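Throughout, residue positions are numbered sequentially from 1 according to the sequence presented. This one's a predicted model, so the numbers in the text were calculated from it and none came from an experiment.
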Amino acid sequence: MYELTAIGSIILTFIIAGLVCLWLPGIEKKVEARVQQRIGPNLSSPGIYMTLKFFFKEVLSPNARMPRVYNALPFVILLIVSVILIILTPDVAIYVGGAATSLVALVGLLKVEEIVYLFMSSFSQSIMSKTMPFPDQSKGGKHLDAKQSFIEQVSASRSLRLISFGSLPFYIALFIPAIMTGSIDFFDITLYQLLYGPILFTLPGILATIAFFVGFLVIINENPFSYMMGHSDVIQGPLFEYVAKYRAIYTMGHALLIFVGGCIFSTLFLGVAPYVDLGMLSLGWIGVISILIHILVPIICSIILAAAASVVSAFSPLYTNREILPTILGTSVVGVLALVVAVFI
C-alpha cells in the first residue's frame, strides 16, 4: 500500500511540475519586458502556446550527419531533467538511497545535460534543417590552408568553454550544504535543516546563493552567458534547426530545467523537497499544510529564479569569452569563500 501511495505521489508531483514549468518562460519574458518598459508577450505564449503550436508543425528531417541522434537529443534533455526531479523526492531517497539520491548523481546528470548541447552543435551543419545554395560557414573560404568554420562548430567551441569552467560556481555552491550537514545525501540535508533551520539564512548560505544563481544562468544559457546562442553571429546555435515536435520537446525540457533549478535550491538551502506526499493526508490539517509547503516553496523558488534571470538578462549585454572568464572566476571565489566559512563555522 505504501508503495502505491509513493508512486501516486511521484506522479502527482510530475503533473504539478509540468503544469507550473510551462508558465515559467512566460513569466521570464514578461518580467524582462516590464524592466525594459515593454508590454511583452502573454504569460502563456512562450511556454504553453509555443509547445502546443510546435506539436502541430510539419516535421522536417535535418541535414545532419546523424539526423536521428540529433532529433533525439531534446528527449535526452527532458529525460535527464525528469530524473533529477525524481531523485529529489524523499520516497526515492528511502527506497533507493546511496549515490543515486545524492549530490554525486545531481552533478553527473547536470553535466550530461550540458554536454548534450555540444552534441547538438556537432551533429548538424545546416540552416533551418535544409540544404541551402550557400555553405553554412561563419568564416574561411576555399583557399589553400584556409581554416573553415561552420556556425554550429563555433557554437560547439563556445559550449565546450561553458562546460569546462562556466558553470563552476554552481557546482561549488551545491557542496556548501554538504559541508555544513556532513552528508551529500538529499535526505540527510533536508533532515538537518528541519532540525537546525534553513542553510540559506547563514553566511555560507548567502554567499553560496550568489554563486548558485550565476552558475545557474550558465546552465540554462541565459543572458549574459548565452553566447553559445548569440543571435548576432551564430543565431540560435545548436537549437536553430529544431522544428515541430522536437522543438516542442526542447521547450518543455528547458522550462522543466528552470523549475528543477528552483527545486534544487529549495531542497539544498531551505530543506523543502518538491513532493506531494499523499500519505500526509491522514494527519489532517497538519498534513495538508505540510503538502502545501512542499508544493508552494519549490514553485516560489523557481518563479524567483526565472524573474531574477529575466532582470539580469534585461540589463546585461551578451558576454563574450573576455567578459565571461573574469565573471566566473570572481563568482567562484565567492563560492570558495563560502566553502571556507562553512568549514570553520
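Linking Ile, Leu, Val, Met, Phe, Trp and Tyr whenever their side-chain heavy atoms come within less than 4.5 Å puts Ile264 and Ile303 in one cluster. In this structure, Leu207 is not a member of the same hydrophobic cluster as Ile199, with clusters built from ILVMFWY side-chain heavy atoms closer than 4.5 Å. Follow the hydrophobic side-chain contacts under 4.5 Å out from Ile210 and you never reach Phe213; the two are in separate clusters. The same ILVMFWY cluster, assembled from side-chain heavy atoms under 4.5 Å apart, contains both Leu79 and Ile220. Leu200 and Leu203 fall into different hydrophobic clusters, defined by Ile, Leu, Val, Met, Phe, Trp and Tyr side-chain heavy atoms under 4.5 Å apart, directly or through other members.
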task: Under the side chain to side chain contact (heavy atoms under 4.5 Å, CB included) rule, what do Val341 and Ile176 come out as? Steps first, then yes or no, please.
output: CA-CA 9 Å; Val341 175; Ile176 305 299; over 6 Å; no
task: Please report the C-alpha distance between Leu109 and Val81 in whole Å, then the side-chain angles of each, then the deciding distance to 0.1 Å, and finally whether the side chain to side chain contact (heavy atoms under 4.5 Å, CB included) criterion is met.
output: CA-CA 8 Å; Leu109 289 169; Val81 180; over 6 Å; no
message: Set out, in order, the CA-CA distance, both residues' side-chain angles and the distance that settles side chain to side chain contact (heavy atoms under 4.5 Å, CB included) for Phe165 and Ile324, then state yes or no.
response: CA-CA 10 Å; Phe165 62 84; Ile324 287 179; 4.0 Å; yes
message: Would Cys21 and Ile258 count as a side chain to side chain contact (heavy atoms under 4.5 Å, CB included) here? Give the steps.
response: CA-CA 7 Å; Cys21 73; Ile258 300 175; over 6 Å; no
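Taking the side chain as every heavy atom from C-beta outward, Ile249 and Ile77 never approach each other to under 4.5 Å. For the pair Ile206 and Phe201, the minimum side-chain heavy-atom distance is 4.5 Å or more. At least one side-chain heavy atom of Phe175 sits less than 4.5 Å from a side-chain heavy atom of Val107. Side-chain atoms of Pro204 and Met180, non-hydrogen and from C-beta on, do get closer than 4.5 Å to each other. Side-chain atoms of Ser302 and Leu24, non-hydrogen and from C-beta on, do get closer than 4.5 Å to each other. By the 4.5 Å heavy-atom criterion applied to side chains, Phe14 and Ile86 are counted as neighbours. Taking 4.5 Å as the limit, every side-chain heavy atom of Val333 sits out of range of all side-chain heavy atoms of Val336. With contacts defined as side-chain heavy-atom distances shorter than 4.5 Å, the pair Ser332/Ile172 qualifies.
For the atom pair OG of Ser167 and NZ of Lys111, the computed distance is 3.5 Å after rounding to the nearest 0.5 Å. If you take CG on Leu22 and CD1 on Ile27, they are separated by 11.0 Å, rounding to the nearest 0.5 Å. Interatomic distance, CD1 of Ile179 versus CZ of Phe344, reported as 10.5 Å (0.5 Å rounding). We find the CD-CD distance between Glu32 and Glu28 to be 7.0 Å, quoted to the nearest 0.5 Å. A distance of 9.0 Å separates CD1 in Ile163 from CD in Glu113, rounded to the nearest 0.5 Å. Atom-to-atom distance recorded for Ile184:CD1 and Phe186:CZ is 9.0 Å, nearest 0.5 angstrom.
Nearest heavy atom pair, residue Ala211 against residue Thr331, reads CA-CG2, 3.6 Å. When every heavy atom of Gln193 is checked against every heavy atom of Pro198, the shortest pair comes out as OE1-CA, 3.6 Å. A pairwise comparison of heavy atoms in Ile219 and Tyr171 identifies CD1-OH, 4.2 Å as the closest pair. Looking at every heavy atom in both residues, Ile16 comes nearest to Ile295 through CD1-CD1, 3.9 Å. Scanning both residues, Leu257 and Phe216, for their nearest heavy atoms gives O-CZ, 3.6 Å. Closest approach of Cys301 to Leu270, counting heavy atoms only: SG-CD1, 3.7 Å.
Counting non-hydrogen atoms of neighbouring residues, nucleotides and ligands closer than 6.0 angstrom, the NZ atom of Lys30 exceeds 12 such neighbours. Within a 6.0 Å sphere centred on NZ of Lys53, other residues, nucleotides and ligands contribute more than 12 heavy atoms. Shown here is Tyr49, whose OH atom has no more than 12 heavy atoms of other residues, nucleotides or ligands within 6.0 Å. Within 6.0 Å of CZ in Phe75 there are more than 12 heavy atoms belonging to other residues, nucleotides or ligands. Around atom CZ of Phe55, more than 12 heavy atoms belonging to other residues, nucleotides or ligands sit under 6.0 Å away. With a 6.0 Å radius and a threshold of 12 heavy atoms from other residues, nucleotides or ligands, Leu195 has its CG atom above the threshold.
Using a distance-only test at 3.5 Å, with no hydrogens or angles considered, no donor-acceptor pair links the side chain of Ser290 to the main chain of Ile286. For the pair Thr181 (side chain) and Tyr192 (backbone), a donor-acceptor distance under 3.5 Å is absent. In this structure, the side chain of His294 does not engage the main chain of Pro274 through any donor-acceptor pair within 3.5 Å.
Between His254 and Tyr250, the ring planes are parallel. Angles under 30° get that label, and only those over 60° would be called perpendicular.
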